[in-house]
J.: 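Provided herewith is a single structure, encoded as structure tokens, for subsequent inquiry.
Just so you know, these numbers use all the heavy atoms, side chains as well, and skip hydrogens, waters and symmetry mates. Counting convention: from 1, in listed order, for ligands and their atoms alike. Source: prediction; values computed, not measured.
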Amino acid sequence: MTRVGIHDLSMATGQHVLDLDELAAFNGTDPGKYHVGLGLDQMSVLAPDEDVVTLAASAALPIVQAHGTERIRTLLVATESGVDASKAVAVWVHRLLGLNPGCRVVELKQACYSATAGLQAALGIVARNPGEQVLLIAADVARYDLDSAAEPTQGAGAVAMLVGADPDLVTIEPVTGVRTADVDDFWRPTDRTTALVDGRLSVSAYVDALTGAWDDFAARGGVPVEQIDRWCYHQPFTRMSVKAHRKLAQHVGAAFSDDDLTDASRYNRRLGNSYTASLYAGLASLLDHDDDLAGRRVALFSYGSGSVGELFTGVVEPGYRSAERAQRHAKALDERKPVDVRRYRDLHTAAVHRSDVDVEVPVASGTPFRFAGVRSGARQYVPGA
Ligand code: HMG
């Protein structure tokens, strides 16, 4: 059978960063609650000329530059930060990246889960046509109300993956475990720009989805827990993956260590939540930091509120290490420009644009692609300055 999986992967994030010590000082919260209780140190914040389209295109640019566009016949963008109820984010991204007209494009939505649905669809397309590649991008801006309990778990990020046959990074195995349940734990009605959430319910719904997905995985012939070498979870805040890992250990009767999760959460501690991208930012972090992954099996757990969970495994290929990729990711995080709480709050409010007022957004960042404003109701995207 043809091996199919992730051939290359690239992460991007916003141009600004808010240190959670500053938010803690502003709120009068003990910073330990953020660093230890939530497992978060920073959150990415977008500049005024960035949004989910520019994030997605910026993440994918290094992949297109490295591998060309010829074999990409499908572009999937998974997001819950879409900017139009009809037009797919993927259509703008397709133009910005210069992909071929003979390419199907679509946007996928189911909270933080949809990139995994995209990955499964991509694997199916490639298995049927091994000569084709699918460009899959998970991109999101996590936004909650200012001064809410969820505020410190905001963030932003995008991960682009080239899915193909005989992959260089991770071969995805065929067995998956899935669990869907209708739960009102987190949602964003179409008249809101910030999410609504029942925090405690969301944590228990996540854990229920994990154990349910594991049971489905096991029932369908998934490998036993002893044959899994690494774990990578959706990380709305990194402490959530620790809670989940402990619950799964109890559920399957295994002895896991919290240290299992350190390398897969290094980027997430600094990005904050990046919704659809969060699991794959965790995978990027693992691939960039763990130098003993060749031939190892990684379990990935994807969760999207509302809710859908899916657990699946991949085996890391021998040549997975790339100093260039790791340096690019470190640079994206290290070179963000710090903002103070006042500026972050201004940016949070300014991020929303009405469609009935023309606006020109000045150059604010050094990103490869920019949101230039709204003209006659339509959003404008251009190459960066
Ligand atoms: P909260 O009420 O502010 O926090 O909300 P808390 O009081 O529960 O404290 C959090 C932890 O910090 C606790 O630890 C405290 O003990 C600890 P725990 O008991 O949980 O182990 N703590 C401290 N630790 C050290 N030093 C201190 C200190 N003080 C307290 N001084 C909550 C927390 C996560 C609920 C909130 O931030 C929230 O609502 N976030 C958004 C929802 C969320 O992220 N849910 C996660 C599961 S749902 C999901 O993953 C899907 C999602 O990504 C969306 C999608 O699918 O699209 C969100």
J.: Give me the nearest non-hydrogen protein atom to atom 20 (O) of ligand 1 as residue plus atom name, then the distance to 0.1 Å.
T.: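 I find the closest protein heavy atom is Lys243 NZ, 2.3 Å.
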
J.: Quick check on contacts: which atoms of ligand 1 are under 4.0 angstrom from a heavy atom of Phe186?
T.: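 It comes down to these atoms of ligand 1: 54 (C), 55 (C), 57 (O), 58 (C).
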
J.: Could you check Asp19, Leu333, Thr13 and say which one makes a side-chain contact (heavy atoms from CB on, under 4.5 Å) with Arg270?
T.: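 Testing Arg270 for a side-chain contact (heavy atoms from CB on, under 4.5 Å) against Asp19, Leu333, Thr13 leaves exactly one candidate, Leu333.
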
J.: List the closest protein heavy-atom neighbour of atom 52 (C) of ligand 1: residue, atom name, distance to the nearest 0.1 Å.
T.: Cys112 SG, 3.6 Å

J.: Can the ring centres of Tyr275 and Tyr113 be said to be less than 6.0 Å apart?
T.: no

J.: Near Glu80, which atoms of ligand 1 are under 4.0 Å from a heavy atom of that residue?
T.: 55 (C), 57 (O)

J.: How close does the nearest protein non-hydrogen atom get to atom 7 (O) of ligand 1, and which residue and atom is it?
T.: Lys33 NZ, 3.6 Å

J.: Can you find a protein heavy atom closer to atom 13 (C) of ligand 1 than 4.0 Å?
T.: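 Protein heavy atoms within 4.0 Å of atom 13 (C) of ligand 1 - there are none.
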
J.: Just one of Asn27, Thr153, Asp21 clears the side-chain hydrogen bond (donor to acceptor under 3.5 Å, both in side chains) bar with Tyr34, so which one?
T.: Asn27

J.: Quick one: which ligand 1 atoms are inside 4.0 Å of a heavy atom on Gly199?
T.: 35 (C), 39 (O)

J.: Need the ligand 1 atom indices (1-based, order shown) with element for anything under 4.0 Å from a heavy-atom of Ala111.
T.: 55 (C), 56 (O), 57 (O)

J.: Test the Arg379-Phe371 pair against the cation-pi criterion, namely NZ or CZ under 6.0 angstrom from the six-membered ring centroid and within 45° of the ring axis.
T.: yes

J.: With heavy atoms only and a cut-off of under 4.0 Å, state how Arg239 meets ligand 1: side chain, backbone, both or neither.
T.: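 Within the 4.0 Å criterion, Arg239 makes no contact with ligand 1.
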
J.: Any heavy atom of Glu151 sitting closer than 4.0 Å to ligand 1?
T.: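 It does not, in that no heavy atom of Glu151 comes within the 4.0 Å cut-off of ligand 1.
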
J.: Any nitrogen or oxygen of His234, main chain or side chain, under 3.5 Å from a nitrogen or oxygen of ligand 1?
T.: yes

J.: Under 4.0 Å and counting heavy atoms only, is there anything from the protein next to atom 41 (C) of ligand 1?
T.: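 True for atom 41 (C) of ligand 1.
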
J.: Any heavy atom of Arg200 closer to ligand 1 than 4.0 angstrom?
T.: yes

J.: Could you report the tightest heavy-atom contact between Val89 and Val77, atom names first, then the distance?
T.: CG1-CG1, 3.8 Å

J.: I'd like to check atom 18 (P) of ligand 1 in this structure: does the protein have a heavy atom lying under 4.0 Å from it?
T.: yes

J.: Identify the residue among Val170, Asp263, Leu286, Leu169 that makes a side-chain contact (heavy atoms from CB on, under 4.5 Å) with Leu293.
T.: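 Per the side-chain contact (heavy atoms from CB on, under 4.5 Å) rule, the option paired with Leu293 is Leu286, out of Val170, Asp263, Leu286, Leu169.
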
J.: Going by the salt bridge (Lys or Arg N to Asp or Glu O under 4.0 Å) test, name the single residue among Arg328, Lys331, Arg325, Arg266 that passes it with Asp288.
T.: Arg325

J.: Give a yes or no on whether the ring-centroid distance for Phe301 and His234 is below 6.0 angstrom.
T.: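 No, too far apart.
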
J.: Could you tell me how the ring of Tyr303 sits relative to the ring of Tyr206: parallel (under 30°), tilted (30 to 60°) or perpendicular (over 60°)?
T.: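 Ring orientation, 0 to 90° scale: tilted.
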
J.: Using a heavy-atom cut-off of under 4.0 Å, does the side chain or the backbone of Tyr144 touch ligand 1, or both, or neither?
T.: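 Contact part for Tyr144 vs ligand 1: side chain (C-beta onward).
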
J.: Check this for me - ligand 1, Ser305, N or O atoms closer than 3.5 angstrom, yes or no?
T.: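 In this structure, Ser305 places an N or O atom under 3.5 Å from an N or O of ligand 1.
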
J.: Does the protein place a non-hydrogen atom closer than 4.0 angstrom to atom 32 (C) of ligand 1?
T.: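 Under 4.0 Å from atom 32 (C) of ligand 1, zero protein heavy atoms found.
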
J.: Students should be able to answer this: which protein heavy-atom is nearest to atom 48 (S) of ligand 1, and at what distance?
T.: Ser202 CB, 3.4 Å

J.: Suppose we call two aromatic rings close when their centres sit under 6.0 Å apart. Are His245 and Trp231 close by that rule?
T.: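 Ring centroids of His245 and Trp231 are less than 6.0 Å from each other.
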
